[in-house]
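Below, each value reflects all heavy atoms present in this structure, side chains not excepted, and no hydrogens, waters or symmetry copies. No experiment lies behind these values; they were computed from the predicted model shown.
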Amino acid sequence: MKFVRVSYENQIYEATIHGDDVSFIEGDKYGRWRYTGEVRPLDQVRLLAPVKPEKVIGIGANYAAEAEELPETLPDLPVFFLKPSSSVIGPDEDIEIPELVGEVKFESELAVVIGKEAKNIAESDVYDHIFGYTIGNDVTAPQFFHEDGHWTLGKAFDTFTPLGPVVETGLRPEEVYVKADINGVETQNSPTRLMIVPLAPMVAYLSKVMTLQPGDVILTGSPLGAHFVKDQDIIECKIDEIGVLRNKAVRSSVSIES
């Protein structure tokens, strides 16, 4: 099932997509909900980021180029970072590059949406706590990485976490390909089986550090092929079973004081 958040006549609704229509729902989509009976054509609503996460957690350097390069054992301490909820935008919204930011990099990723509170869970229980999956674009300004390796600041700017277009609850995450096009030219296309830290150990590990809440998002890493983008570039992050997350990079006049 495909869950969305939409704007219609200046109001925001939770909904599901069925063909070319959206069916509005009420209640808690992570728990008990029901259809309201209101249905609108998809082309009459505006898709928003499909979730409003309390926190977005990213994992860095998580793809091998090919299966032969996957390590025999998992890293003792995976590289994780946080992105603020203020960085989240939806499909077709502009990624604003602040004036003093130089190069900006996009990263197409499979994003996990938590559906049930997860604290100190076992790997075998991870999938019981996942609501579904969407696409994330982990936009990054590497010049703001701290010299000691801290990544958060370079990933935290407003609009630097596009999510969408839908949350797909029926996905088999180990069988999909993460892709991306820049201005119509493919730059990424890798299977999730090339993840260095797979989903189950990733989510279980995080649940031992922090309590994961319904709606929280985990960006699972970007395949090789992500690169820098410039003003007016169109970025399309793709997972066939979910859809296309399309955003444009736009230079902003907002300055950042150093």
Side-chain angles (χ1 to χ4, degrees), residues 4-7 43 45-53 56-63 79 81-111 134-147 149-166 177-190 217 219-240 242-258:
V4 291
R5 291 174 61 247
V6 302
S7 175
D43 60 9
V45 304
R46 180 168 65 90
L47 292 178
L48 307 174
V51 293
K52 293 185 66 177
V56 179
I57 310 156
I59 182 170
N62 197 36
Y63 271 78
V79 177
F81 53 88
L82 289 172
K83 303 193 76 169
S85 58
S86 55
S87 69
V88 173
I89 59 173
D92 295 311
E93 293 187 63
D94 289 344
I95 299 165
E96 297 183 5
I97 307 172
E99 186 178 29
L100 289 187
V101 171
E103 293 181 312
V104 169
K105 191 176 184 181
F106 86 94
E107 298 181 10
S108 181
E109 310 197 10
L110 173 69
T134 188
I135 302 170
N137 184 350
D138 179 21
V139 182
T140 303
Q143 78 183 80
F144 285 88
F145 284 4
H146 193 277
E147 61 184 8
H150 305 160
W151 290 7
T152 293
L153 187 59
K155 294 174 175 286
F157 290 96
D158 288 355
T159 75
F160 271 28
T161 313
L163 296 175
V166 307
Y177 281 70
V178 178
K179 309 175 186 179
D181 292 356
I182 302 295
N183 302 323
V185 178
E186 185 173 270
T187 60
Q188 291 182 293
N189 190 338
S190 292
V217 170
L219 303 176
T220 60
S222 183
L224 275 64
H227 61 73
F228 295 103
V229 295
K230 60 184 183 302
D231 183 42
Q232 303 301 310
D233 277 351
I234 303 296
I235 307 160
E236 292 182 317
C237 301
K238 303 178 179 181
I239 295 174
D240 291 345
I242 299 174
V244 178
L245 174 63
R246 181 183 184 275
N247 301 91
K248 180 167 66 174
V250 176
R251 276 283 167 192
S252 169
S253 59
V254 177
S255 62
I256 305 296
E257 296 294 333
S258 60

Inset, instruction - Apply the test side-chain contact (heavy atoms from CB on, under 4.5 Å) to residues D181 and T187: give CA-CA distance (whole Å), side-chain angles for both, the deciding distance (0.1 Å), then the verdict. - result: CA-CA 6 Å; D181 292 356; T187 60; over 6 Å; no

Legend entry - Interatomic spacing from CG in N247 to SG in C237 - rounded to 0.5 Å: 7.0 Å

Inset, instruction - Please tell me if the side chains of S190 and V178 come closer than 4.5 Å, counting only heavy atoms from C-beta onward. - result: no

Inset, instruction - Check whether any side-chain heavy atom of K155 sits under 4.5 Å from a side-chain heavy atom of E107, and report yes or no. - result: yes

Legend entry - Nearest heavy-atom neighbours spanning N62 and G221: CB-CA, 4.1 Å

Inset, instruction - May I ask you to test the V250-D231 pair for a side-chain heavy-atom distance under 4.5 Å? - result: yes

Inset, instruction - Mark yes or no for whether R251, through its side chain, and P98, through its backbone, hold a donor-acceptor pair below 3.5 Å. - result: yes

Legend entry - I89 side, atom CD1; D92 side, atom CG - distance, nearest 0.5 Å: 9.5 Å

Legend entry - E93 CD to L47 CG distance, which is reported to the nearest 0.5 Å: 10.5 Å

Legend entry - Over all atoms of both residues, closest heavy-atom pair of V217 and V51: CG2-CG2, 3.7 Å

Legend entry - Non-hydrogen atoms of V244 and K238 that approach each other most closely: CG2-CG, 3.9 Å

Legend entry - Rounded distance [0.5 Å steps], OG1 in T220 versus CG in L110: 4.0 Å

Inset, instruction - Indicate the atoms forming the closest heavy-atom contact of I242 with P165, along with that distance. - result: O-CG, 4.1 Å

Inset, instruction - Supply the atom-to-atom distance L82 CG to S87 OG, rounded to the nearest 0.5 angstrom. - result: 10.5 Å

Legend entry - Beyond-backbone contact of D233 with K248, side-chain heavy atoms, under 4.5 angstrom: no

Legend entry - Any V56 side-chain heavy atom under 4.5 Å of S85 side chain: no

Inset, instruction - Measure across P50 and L163 and return the closest heavy-atom pair with its distance rounded to 0.1 Å. - result: CD-O, 3.6 Å

Legend entry - Rounded distance [0.5 Å steps], OG in S252 versus CG in D158: 9.5 Å

Inset, instruction - Examine distances only and state if a side-chain atom of S108 and a backbone atom of A180 form a donor-acceptor pair shorter than 3.5 Å. - result: no

Inset, instruction - Step by step, work out the side-chain contact (heavy atoms from CB on, under 4.5 Å) result for N137 and T161. - result: CA-CA 6 Å; N137 184 350; T161 313; over 6 Å; no

Inset, instruction - Using a 4.5 Å cut-off on heavy atoms from C-beta on, say whether the side chain of V139 contacts that of T159. - result: no

Inset, instruction - For F81, enumerate each residue passing the ring-ring contact (aromatic ring centres under 6.0 Å, His included) test, keeping only those at least two apart in sequence or located in another chain. - result: W151

Legend entry - V101 side chain reached by E99 side chain, heavy atoms, under 4.5 Å: no

Inset, instruction - Determine, for K179 against D240, whether the closest basic-nitrogen to carboxylate-oxygen distance falls under 4.0 angstrom. - result: yes

Legend entry - Salt bridge present between D138 and K83 (N-O < 4.0 angstrom): yes

Inset, instruction - I would like to know whether I182 and H227 meet side-chain contact (heavy atoms from CB on, under 4.5 Å); could you show each step before the answer? - result: CA-CA 9 Å; I182 302 295; H227 61 73; 4.0 Å; yes

Inset, instruction - Check whether any side-chain heavy atom of F160 sits under 4.5 Å from a side-chain heavy atom of I95, and report yes or no. - result: yes

Legend entry - Distance-minimising heavy-atom pair for K230 and A249: O-CB, 3.6 Å

Inset, instruction - Show your reasoning for whether side-chain contact (heavy atoms from CB on, under 4.5 Å) applies to Q188 and F106. - result: CA-CA 11 Å; Q188 291 182 293; F106 86 94; 3.1 Å; yes

Legend entry - Under 3.5 Å donor-acceptor, R5 side chain and A49 backbone: yes

